[in-house]
Amino acid sequence: MMTPTAAESPQPGQIDLKALKTRQHGAWSSGDYAVVGTTLQIVGEQLCEALDIRSGQRVLDVAAGNGNATLAAARRWCDVVSTDYVPSLLERGRLRAAAEGLSVEFKEADAEALGFGDAAFDVVVSTFGVMFTPNQDAAAAELLRVCKSGGKIGLANWTPDGFIGQVFKTLGKYLPPPAGAKSPALWGTRARLIEMFGASAISVKSEPRNFSFRYRSPEHFLDVFKSYYGPMLKAFAALDAVNQQGLRNDLLALIARMNRAEDGTMIVPSEYLEIVILKR
């Protein structure tokens, strides 16, 4: 992780990206994201298909979590390096790969300063990971830097209007983000993707898709996310009892509006953007 120089230090009125990253690292290190992450495996599989990856390609998974895209690429006989800045999540990915007999290199790395050489990978991927970096432009620049010319960058990012986008908007009602912080959900908009990647891309293809959150009940979903999903765990921990109840009620109301199950269980589609960038 790079230390900002004096020129990079926040000026009056600017957001302190280093402090925000420290706070976010604490959130993602809390709970156990792998409990939630393992339910998202299909997204990594679909992304690898959209990328049309080939055996023998060198693939980097950035902000890999417990390794959904990592495993998907390894199952397709790619040479995969899986990275995250939370060591415990890398360990969960390592255990999953070992259980399936897959050969994967795991390495701790910051998405904003990856530590690999220029043009080192044929394909660079991230599913619901790099979108949460505080310095979005730095992260996008790193994805481009480590991807070779003619290579591909594949992303799966929650959209602002989808279920998870609305969950974060609800959390922000109780715990507003720092002034000046860019919303992670911007990564789920074509306009922001073109802004970050367009000048360096031959093409930027984006396809809206839905992932269905399937849980025993709305309450079950909320209990799992409160216990294991770092940002929500931290949000509830920071609120008093009255606001905790308010947040719980608002989240359950959101689920009720979007739940297509009528048998007491929860099936909530959450829109995300599947992106394939062909680097110039």
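Judged by distance alone, the side chains of Asp263 and Thr265 do bring a donor and an acceptor atom under 3.5 Å apart. A donor-acceptor contact closer than 3.5 angstrom is absent between the side chains of Arg257 and Gln166.
Partner of Asp122 under the salt bridge (charged side-chain N to carboxylate O under 4.0 Å, His left out) criterion, out of Arg58, Lys152, Lys148, Lys279: Lys148 alone. Checked against Tyr272 for a ring-ring contact (aromatic ring centres under 6.0 Å, His included), the options Phe163, Trp187, Phe128, Phe211 give a single hit: Phe128. Residue Ile153 is tested with Val123, Leu51, Ile277, Val130 for a side-chain contact (heavy atoms from CB on, under 4.5 Å); the sole match is Ile277.
Not one N or O on the side chain of Thr83 forms a donor-acceptor pair closer than 3.5 Å with the backbone of Glu108. The backbone N or O of Asn243 lies less than 3.5 Å from a partner atom in the side chain of Asp240, making a donor-acceptor pair. Side-chain atoms of Gln136 come within 3.5 Å of backbone atoms of Ser183 as a donor-acceptor pair (strictly under, hydrogens ignored). Side-chain atoms of Ser270 come within 3.5 Å of backbone atoms of Ile164 as a donor-acceptor pair (strictly under, hydrogens ignored). Counting only distance, with no hydrogens or angles, the side chain of Ser126 and the backbone of Val62 share a donor-acceptor pair below 3.5 Å. The backbone N or O of Phe197 lies less than 3.5 Å from no partner atom in the side chain of Ser200, so there is not a single donor-acceptor pair. Listed for the Asn259 side chain is a donor-acceptor partner under 3.5 Å among the backbone atoms of Ile267. Looking at Asp84, its side chain does come within 3.5 Å of a backbone N or O of Ala64 through a donor-acceptor pair. Side-chain N or O atoms of Thr39 include none that pairs as donor or acceptor with a backbone N or O of Val35 at under 3.5 Å. Side chain of Asn210 to main chain of Glu271: a donor-acceptor pair is present (N/O by atom type, distance under 3.5 Å, no hydrogens or angles).
At most 12 heavy atoms of other shown residues, nucleotides or ligands fall within 6.0 angstrom of atom CZ in Arg216. Remark: Lys182 NZ is loosely packed, at most 12 non-hydrogen atoms of other residues, nucleotides or ligands lying under 6.0 Å away. The neighbour count for Ile42 CD1, taken as heavy atoms of other residues, nucleotides or ligands under 6.0 Å away, does not exceed 12.
Summarising the geometry of Ala50 relative to Val276, their closest heavy-atom pair is O-CG2, 3.9 Å, with the distance given to 0.1 Å. Across all their heavy atoms, Val80 and Ala73 have their closest contact at CG2-CB, 3.7 Å. Nearest heavy-atom pair, Tyr174 versus Thr170, reported as atom, atom and distance to 0.1 Å: CD1-O, 3.4 Å. Minimum interatomic distance between Arg280 and Ala201 (heavy atoms only, all atoms of both residues): NH2-O, 2.7 Å. The two residues Arg92 and Ala34 make their nearest non-hydrogen contact at CZ-CB, 3.7 Å. When all heavy atoms of Gly188 and Thr159 are compared, the closest pair comes out as O-CG2, 3.5 Å.
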Any chance you could lay out the side-chain contact (heavy atoms from CB on, under 4.5 Å) test for Val204 and Ile194, step after step, and finish with the verdict? CA-CA 7 Å; Val204 179; Ile194 295 298; 3.9 Å; yes
Step-by-step ring pair (Phe, Tyr, Trp, His ring centres under 6.0 Å) determination, Phe168 to Trp158: CA-CA 10 Å; Phe168 274 96; Trp158 301 118; 9.1 Å; no
Met232 vs Leu251, test: side-chain contact (heavy atoms from CB on, under 4.5 Å). Steps then yes/no. CA-CA 11 Å; Met232 192 175 291; Leu251 290 170; 4.0 Å; yes
Could you walk me through whether Tyr228 and Tyr33 pass the side-chain contact (heavy atoms from CB on, under 4.5 Å) check? CA-CA 6 Å; Tyr228 301 110; Tyr33 174 75; over 6 Å; no
Going through the checks in order, is the side-chain contact (heavy atoms from CB on, under 4.5 Å) test met by Gln46 and Glu207? CA-CA 12 Å; Gln46 290 175 332; Glu207 187 75 27; over 6 Å; no
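Taken from NZ in Lys226 to CG in Leu233, the straight-line distance is 9.5 Å, to the nearest 0.5 Å. The structure places CG of Asp61 at 13.0 Å from CD of Glu105, a figure rounded to the nearest 0.5 Å. Taking OG1 from Thr127 and CG from Leu47, the interatomic distance works out to 7.0 Å, rounded to the nearest 0.5 Å. Between Leu171 atom CG and Lys234 atom NZ the span is 14.0 Å, to the nearest 0.5 Å. Taking CG from Asn135 and CD from Glu112, the interatomic distance works out to 5.0 Å, rounded to the nearest 0.5 Å. Between atom CG of residue Asp250 and atom CD1 of residue Ile255 there is a gap of 11.0 Å, rounded to the nearest 0.5 Å.
Hydrophobic clustering (side-chain heavy atoms under 4.5 Å, transitive across Ile, Leu, Val, Met, Phe, Trp, Tyr) groups Met131 together with Val146. Hydrophobic cluster membership differs between Leu155 and Leu278, with clusters built from Ile, Leu, Val, Met, Phe, Trp and Tyr side chains linked at under 4.5 angstrom. At a threshold of 4.5 Å between side-chain heavy atoms, the hydrophobic network of Ile, Leu, Val, Met, Phe, Trp and Tyr places Val86 and Tyr229 in one connected group. Residues Leu114 and Phe106 do not share a hydrophobic cluster, defined by chaining ILVMFWY side chains whose heavy atoms lie under 4.5 Å apart. Linking Ile, Leu, Val, Met, Phe, Trp and Tyr residues whenever their side-chain heavy atoms come within less than 4.5 Å places Leu252 and Leu239 in a single cluster.
Considering only heavy atoms from C-beta on, Arg75 stays 4.5 Å or farther from Cys48 through its side chain. Counting only heavy atoms from C-beta outward, the side chains of Leu102 and Leu71 approach each other to under 4.5 Å. The closest side-chain heavy-atom distance from Pro269 to Phe213 is not below 4.5 Å. Between Arg248 and Glu219 there is a side-chain heavy-atom pair separated by less than 4.5 Å. Thr70 places none of its side-chain heavy atoms less than 4.5 Å from the side chain of Arg96.
Glu49 and Arg76 are joined by a salt bridge, as a carboxylate oxygen and a charged side-chain nitrogen come within less than 4.0 angstrom of each other.
No cation-pi contact links Lys21 to Tyr85, judged by a cut-off of 6.0 Å to the six-membered ring centre and 45° from its axis.
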